[in-house]
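The model shown is predicted, which means the values in this text are computed figures rather than measured ones. Only heavy atoms go into these numbers, but all of them, side chains included; no hydrogens, no water, no symmetry mates.
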There are 2 protein chains.
Amino acid sequence: MNYYTISQLAQEFDISTRTIRYYEERGMIAPMRTETGQRLYTKKDRAVLKLILRGKRFGFSLEEIHEMISLFDKDRTGRKQLERTIEYGEKKLKEVSERIEDLMQLKQEMEAILEDFKQRLKELGESDEHF
Amino acid sequence: MNYYTISQLAQEFDISTRTIRYYEERGMIAPMRTETGQRLYTKKDRAVLKLILRGKRFGFSLEEIHEMISLFDKDRTGRKQLERTIEYGEKKLKEVSERIEDLMQLKQEMEAILEDFKQRLKELGESDEHF
DNA sequence: ATTGACTTTTACGTAAACGTAAATTAAAAT
DNA sequence: ATTTTAATTTACGTTTACGTAAAAGTCAAT
């Protein structure tokens, strides 16, 4: 397994190194260090970063994202733990589903408006052709 | 047609009056005023507010939302205007579609993880039954 | 070995999106 | 008429999510 440096990840995801360090500050990533203190990121760290950025695109706060990550990340061995994780997961899943519904409605509305605009444009075109 | 006061809208959408005034500060809503200066919101204003809040849930910035609103709001009479509006609209529509795709992928991943957790819980249950 | 690019920590700065408080005025309720 | 509740403007405060700069150490390349 090979590692990524912080600037490699920063470049790949088009974010600043500061941003990555900030996520670490918040306890969302925990890369290993070399003897001299340089951060080394594994594939798993990279995946977590990806998750964070995706969450952000959806408008989740870093706090919410943190919650989700830590839930799905840890070993949930005990029955109670498992049950709670499942419950939380289903709640979050529902939220996501609702957002999808919401977005699809928005999409439809935008499509309708666009159709209307296009119709208007077409009519403009026709009236032009008569002159 | 009847009007809403600022606190009525605030209550309905579970936001503060400050928030609504802030949107006005940014030029996103422009309610009429009574002689004494009280804001009165029409159904249309209410619809705009709804749009803003929905946009926020999707993670759009107020600036982006403002752009969208002003585009779809104004009378776009000229051909050039119409064409530009349609172009912009299609761009935004594409963004929305991408977000939907993205969210659906997230949903699937969450479902898979949840299934896994549920399976584990089930196995725990079975092993219990033998003792 | 030294230059230059990269990394580290520390720390102050900032934009967005409001929160909160104060002072004042208006509307609604008793 | 007078409380109570709601509204207004002005203005400073706060949180989130980083940006930016400084000082110092480290890595990579010539």
Note, Phe13(B) side chain near Thr19(B) side chain (heavy atom, < 4.5 Å):
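Answer no - side chains too far apart.
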Need to verify one output field. Residue with the more 5' nearest nucleotide on DNA chain D, Thr34(A) or Glu25(A)?
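By nearest-heavy-atom nucleotide position, the 5'-most residue is Glu25(A).
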5' priority, DNA chain C, between Gln38(B) and Tyr23(B) [closest heavy atom]:
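Comparing both residues, the 5'-ward one is Tyr23(B).
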Are a donor atom and an acceptor atom from the side chains of Tyr88(B) and Glu67(B) found within less than 3.5 Å of each other?
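The answer is yes; a qualifying pair exists.
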Give the rounded distance in Å between these two atoms: [atom1] of [X] and [atom2] of [N].
X: Leu40(B); N: dA26(C); atom1: CG; atom2: C1'; result: 13 Å
X: Lys56(A); N: dA16(C); atom1: NZ; atom2: C1'; result: 12 Å
X: Glu63(B); N: dC18(C); atom1: CD; atom2: P; result: 14 Å
X: Phe60(B); N: dA16(C); atom1: CZ; atom2: P; result: 18 Å
X: Tyr4(B); N: dA27(C); atom1: OH; atom2: P; result: 21 Å

Distance-only donor-acceptor hits, side chain of residues 105-113 of chain B, under 3.5 Å, sequence neighbours excluded:
{"unit_1": "Gln105(B)", "atom_1": "NE2", "unit_2": "Glu109(B)", "atom_2": "OE2", "d": "3.1"}
{"unit_1": "Glu109(B)", "atom_1": "OE1", "unit_2": "Arg54(A)", "atom_2": "NH2", "d": "2.8"}

With the side chain of Arg33(A) defined as its heavy atoms from C-beta on, choose the nearest nucleotide among dA17(C), dT8(C), dA27(C).
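It is dT8(C).
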Nearest to the side chain of Arg26(B), heavy atoms from C-beta on, is which of dA17(C), dA27(C), dT8(C)?
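Within the option list, the nearest is dA17(C).
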Under 4.0 Å, heavy atoms only, any strand: does Ser16(A) hit a base, just the sugar-phosphate, or nothing?
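Sugar-phosphate, no base atom in range.
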Look at all strands and tell whether Thr17(A) reaches a base, only sugar-phosphate, or nothing, counting heavy atoms closer than 4.0 Å.
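Answer is nothing: Thr17(A) stays at 4.0 Å or more from every strand.
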Atom of [X], atom of [Y] and distance for their closest heavy-atom approach:
X: Ser16(B); Y: Ala10(B); value: C-CB, 4.1 Å
X: Pro31(A); Y: Leu40(A); value: CB-O, 3.4 Å
X: Val48(B); Y: Met28(B); value: CG1-O, 3.6 Å
X: Ile6(B); Y: Ile20(B); value: O-CD1, 3.6 Å

In dot-bracket, 5' to 3', how would DNA chain C read with Watson-Crick or G-U wobble pairs under 3.5 Å, [ ] for crossing ones and | for pairs to another strand?
||||||||||||||||||||||||||||||
Please check: side-chain N/O of Thr42(A) versus main-chain N/O of Asp45(A), any donor-acceptor pairing under 3.5 Å?
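It does hold such a pair.
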Any sub-3.5 Å donor-acceptor pair from Arg99(B)'s side-chain atoms to Arg57(A)'s backbone N or O?
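Yes, the answer is positive, given that a donor and an acceptor are paired below the 3.5 Å cut-off.
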Would you tell me if any nitrogen or oxygen in the side chain of [X] comes within less than 4.0 Å of OP1 or OP2 on [N]?
X: Ser61(B); N: dA16(C); result: no
X: Arg39(A); N: dT7(C); result: no
X: Arg21(A); N: dC6(C); result: no
X: Thr36(B); N: dA26(C); result: no

Nucleotide range of DNA chain D lying under 4.0 Å from chain B heavy atoms:
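In short, chain B contacts DNA chain D from dA6(D) to dA11(D).
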SB check Lys50(A) Glu12(A) (cutoff 4.0 Å):
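No, no charged N to carboxylate O under 4.0 Å.
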